[in-house]
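Counting starts at 1 for both ligands and their atoms, following the listed order.
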Amino acid sequence: MERCWWKEAVIYQIYPRSFKDSNGDGIGDLKGITEKLDYLKELGVDAVWISPFFKSPNTDNGYDISDYRDIMDEFGTMEDFDEMQREMHRRGIRLIVDLVANHTSDEHPWFAESRRSRDNPYRDYYIWRDGKGENAPNNWQSRFSGSAWTYDGQTGQYYLHLYAEKQPDLNWENPAVRQEIYDVMRFWIEKGADGFRLDAASMFYKDKGLPDGALGRGSVGEEHYQNVPAIHAYYREMYDQVLSRYPELVTVGETSGVTVEEAKKYAGFSSHELNMVFQFEHARLEYVNGDKYNLRKVPLTQLKEVLSRWQRELNGTAWNSLYLTNHDQPRSVSHWGDEGRYRRESAKMLYTMLLTMQGTPYIYQGEEIGMTNIHLDSIEEYEDIQAKNGWRELVAEGGADPKKFMDVIHAMGRDNARTPMQWDDTEHAGFTAGTPWFTVNPNYKEINVKESLEDPNSVFQYIKELIRLRHESRVAVYGDFTEFAKENEALYIYNRSLEKENLLVVLNFTGGEQSFRLPERMRGKKSELYISNYENDGQMGDRTLRPFEAAVYRWRE
Ligand code: GLC
Ligand code: CA
């Protein structure tokens, strides 16, 4: 397998609004990021992906852009960006920019023009259609509730928005739109970007004729706009016209709904499209029939089946992106671990898994100190447009059980990951000198960066060590993956191997003791400890694993 920097890198994701406020207005900003670069250097990450920091009316916290070439007022100025970029590069940290190209804000000048008249030169930058009688052009649903179409009285047509009403979808079939986006990419490359995370990257191509979607699975219509094979022509063009000119650049697509087969097309080693994609299978196992408001309990065997399948199937042909959470998902320790008694142990166990799989690991801010979900009592206390719209549609208008709805938000809501970063135990967790834009998790006195840096047993110190080890270990990055005891509902056991080097990974996903039997072919082999979240002598063998224990052994064939 060909070596390159982004395969060996560990990437850190920043949600700027909640990272660090430098001027007391309660909103995180670019200067706040610059202040904390030494902290990221200490953790040892190679690159930082920053969620959108461009001009935006903030209907969706920056994922609704009104100017791709300017900085959001709340986040600072272009000078602040230049300084941040310089300071990152001075420390050897690369910068990944979030490219939101499926849609803009309705306040973007292109849309302001587009909605003016049917023959405006920008009309075709977006997707306008006549209604069907009194109804919208088709039955597609917005991912943020309601119809995906909004009627605009001025020209008597509907425009498409797969997200909020204020996020009209760009028309990627229009070559002029694609050229605009490529220009935006070149602009940020010139300004120092080392890569792009492509937002909603599986949704650019909409089926010709915009046919109605089937009912009863996920967002209605998604089979007509998500991972439609014709999308690959766009990516090949993007590669030819932009990406191929910058061989060091990294790209990662946010491809909801992607299958292994599609992923190989987007991110195959010889496909000349993107470098890697985020898959969502493991993150959506709770959803009954793709319905994000109807949750079930997921057996460990199903989580393992998904993760192992992606490991096996992409091996040698495409590259995985590894993540446990991001700004759209719950905290990993709350989701898959134990946010109570075994918070530290389970957070360490989960990141042991992430950093011993093949692919590029992404660590979302706050995960490195084991931050947990937020639990607010009423919907009014939440900020996320997805949750608020969902409440309006399902509870306020639809009569759904409010308690059941709030249970879903507590378990899976996007705001779980958006509470301000917990820097220390002073007021507002040291995030701001003012009033934070969103509630700080009340557990900040116990869970914070200051404490984590002082305590040698903290989650932070452990993840730092995992990163250091990964940087030294080719088998952790490139090794083949073999799973054992697939049917075990408590343990995840796998081996990584490269030439004669091996790592045996043993993970206890429960708060109880579990017995582990060493796979036959490793019996009698000498081993040493790679890492463990408990005292561990490093010799592989049958034994009892402690609650949420993770043990990784290095051994030779
Ligand atoms: C992606 C982003 C999410 C955003 C949406 C619309 O899924 O991660 O935060 O709301 O796209 O841009
Ligand atoms: Ca600020």
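Between F54 and Y68, the ring planes lie tilted relative to each other; the angle falls in the 30° to 60° range. Taking the six-membered ring where the residue is Trp, H103 and Y163 present tilted rings, their angle falling between 30° and 60°. Using cut-offs of 30° and 60° for the angle between ring planes, the H375 and H410 rings count as parallel. A perpendicular orientation is assigned to the rings of F111 and Y126, their planes being inclined by more than 60° (bins at 30° and 60°).
Residue R414 approaches ligand 1 through these ligand atoms, each under 4.0 Å from one of its heavy atoms: 3 (C), 4 (C), 9 (O), 10 (O). For ligand 1, the atoms sitting less than 4.0 Å from at least one non-hydrogen atom of R418 are 9 (O), numbered in the order shown with element in parentheses. Interface atoms of ligand 1 facing F144, defined by a heavy-atom separation under 4.0 Å, are 10 (O).
Of the charged side-chain nitrogens involved, at least one lies within less than 4.0 Å of a carboxylate oxygen, so that D384 and R414 count as a salt-bridged pair. Here R178 pairs with E237 in a salt bridge; the nearest charged N to carboxylate O distance falls below 4.0 Å. A salt bridge does not link R296 with E286: every distance from a Lys NZ or Arg NE/NH1/NH2 to an Asp or Glu carboxylate oxygen is 4.0 Å or more. With salt bridges taken as basic N to acidic carboxylate O contacts below 4.0 Å, one links K31 and E83.
The nearest protein atom to atom 4 (C) of ligand 1, hydrogens excluded, is given as D60 OD2, 3.3 Å; this is a heavy-atom distance. Counting only heavy atoms of the protein, atom 5 (C) of ligand 1 lies nearest to Y163 CE2, 3.6 Å. In this structure, the protein non-hydrogen atom closest to atom 11 (O) of ligand 1 is D199 OD1, 2.8 Å. For atom 7 (O) of ligand 1, the closest heavy atom belonging to the protein is E254 OE2, 2.7 Å. Here the heavy atom of the protein found nearest to atom 9 (O) of ligand 1 is D328 OD1, 2.7 Å.
Not counting sequence neighbours, the partners of Y63 by the ring-ring contact (aromatic ring centres under 6.0 Å, His included) test are H327. In terms of the ring-ring contact (aromatic ring centres under 6.0 Å, His included) criterion, W437 has no residue partners (sequence neighbours excluded). For N443, the side chain to side chain donor-acceptor pair (under 3.5 Å) criterion is met by T372, Q422, N441, not counting sequence neighbours.
Judged by the shortest distance from any of its heavy atoms, R143 lies outside the 4.0 Å radius around the atoms of ligand 1. The closest approach between R197 and ligand 1 falls below 4.0 Å for a heavy atom of the residue. A heavy-atom separation below 4.0 Å is found between H103 and ligand 1.
Inspection of the environment of the Ca ion (ligand 2) yields the following protein N, O or S atoms under 3.0 Å: D21 OD1, N23 OD1, D25 OD1, I27 O, D29 OD2.
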